[in-house]
Amino acid sequence: MRHLLNPLDFTVEETTKLLDLASDIEKNPAKYSEKCKGKKIATLFYEPSTRTRLSFEAAMLNLGGSVLGFSSASSSSASKGESVSDTIRMVSCYADICAMRHPKEGAPTVASMKSRIPVINAGDGGHQHPTQTLTDMMTIRSLKGRLDNLTIGLCGDLKFGRTVHSLIKSLVRYENIKFILISPKELKIPSYIREDVLDANNIPYEEVTHMEDKLKDLDILYMTRVQQERFFNEEEYIRLKDSYILDKEKMNLANEGMLVLHPLPRVNEISVEIDDDPRACYFKQVQYSVYVRMAIILTLLGLTDNN
Ligand code: NCD
């Protein structure tokens, strides 16, 4: 039995296969509409979510399966003190696969140890978010045609932004990747990514506080929200929340082919005035997320054609 807890749980070859499958689903959705008939996904969300939970549910429904779950810790027995390990034992009796989001780093990994069904990490605290990363990779591959030879600007909350951590871990496995890390000094990338991932793999990167003079060099600009819920100090959040606002003026400094990605939700960091710019791809990303999550469910349930 396989779980998806960390972006590196799939090898580069397996990732390519999964993204190929997601692209085939995009082209031939009808072919997949009954693949999960009789199967159930449990969505166990101890933290707020719109896209991730609904896209997992949409993915399972598109595959002909059904869904059950909860969307907040307060509506589950966690509020009575039940442990994640006990909850997953129950859920293993009700569903065939589950997606879990939890505010504590490592909670889905703990769950996987007691689980009899595949566990998908749908975001654990400020740590990782592998299914968003696969979505980001499908978006980049579909719209840029490659995952190598890219200069990627990551902007905003690089400290707490789990989507950023997972994306870096995954992309360093491709040739000629360079990162421009744009953040206030308080929200710089954590050392377990800088040292253990970037330095350890000899990946070129720059850490800067301003985006303006870097925009012309970027193939991808990945914007992120300042993660209010991870701050200990409200004043600090208020001071940092509007550190970057991508607007028309800044887009004029960027090159023609630069794609703007954002895992969403956005707050103020992308002005709505650029939503119609052809380089703004964050809503396309949302559509790709459904195909990717369908491919993840099929892969973890062993329901791909080669099985
Ligand atoms: C992200 C998350 O939950 O980490 N959202 C998502 O899953 N698309 C990003 C965020 O909340 O800022």
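All figures in this text were calculated on a predicted structure; none of them were measured in a lab. Values below: every heavy atom of this structure, side chains too, minus hydrogens, waters and symmetry copies. Along the sequence shown, residues carry numbers from 1. One-based numbering, in listed order, for ligands and for the atoms of each.
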| task | Going by heavy-atom distance to atom 7 (O) of ligand 1, choose the closest among Arg53, Gln132, Glu269, His129. | result | His129
| query | Quick one: does Arg101 get a heavy atom under 4.0 Å from ligand 1? | reply | yes
| In the protein, what heavy atom is nearest to atom 3 (O) of ligand 1, and what distance, to one decimal place, separates them? | Arg162 NH2, 2.9 Å
| message | Quick test of your reading of the model: are Glu13 and Lys17 salt-bridged, counting only N-O distances below 4.0 Å? | response | no
| ligand 1 atoms in contact with Thr52 (distance to a heavy atom under 4.0 Å) | 6 (C), 7 (O)
| query | With a cut-off of 4.0 Å, which atoms of ligand 1 are near a heavy atom of Gln227? | reply | 10 (C), 12 (O)
| message | In terms of relative ring orientation, are Tyr237 and Phe231 parallel, tilted or perpendicular, with 30° and 60° separating the classes? | response | perpendicular
| note | atom 5 (N) of ligand 1 has as its nearest protein heavy atom Leu264 O, 2.9 Å
| When you check the gap from the basic side-chain N to the acidic O, do Glu234 and Lys241 get nearer than 4.0 Å? | no
| field | Contacts of Glu105 that satisfy salt bridge (Lys or Arg N to Asp or Glu O under 4.0 Å) - sequence neighbours left out | value | none
| Charged tip of Arg293 within 45° of Phe56 ring normal and under 6.0 Å | yes
| query | Any N or O on Thr163 sitting closer than 3.5 Å to an N or O of ligand 1? | reply | no
| query | Do Asn255 side-chain atoms and Lys216 backbone N/O form a donor-acceptor pair below 3.5 Å? | reply | yes
| task | Write out the residue and atom name of the closest protein heavy atom to atom 10 (C) of ligand 1, then the distance separating them to 0.1 Å. | result | Arg225 NH2, 3.4 Å
| field | Nearest protein heavy atom with distance in Å, relative to atom 8 (N) of ligand 1 | value | Pro263 O, 2.9 Å
| request: For the pair Tyr192 and His127, name the ring-plane relationship: parallel under 30°, tilted 30 to 60°, perpendicular over 60°. | output: tilted
| request: Indicate yes or no: does an N/O atom of Pro265 lie under 3.5 Å from an N/O atom of ligand 1? | output: no
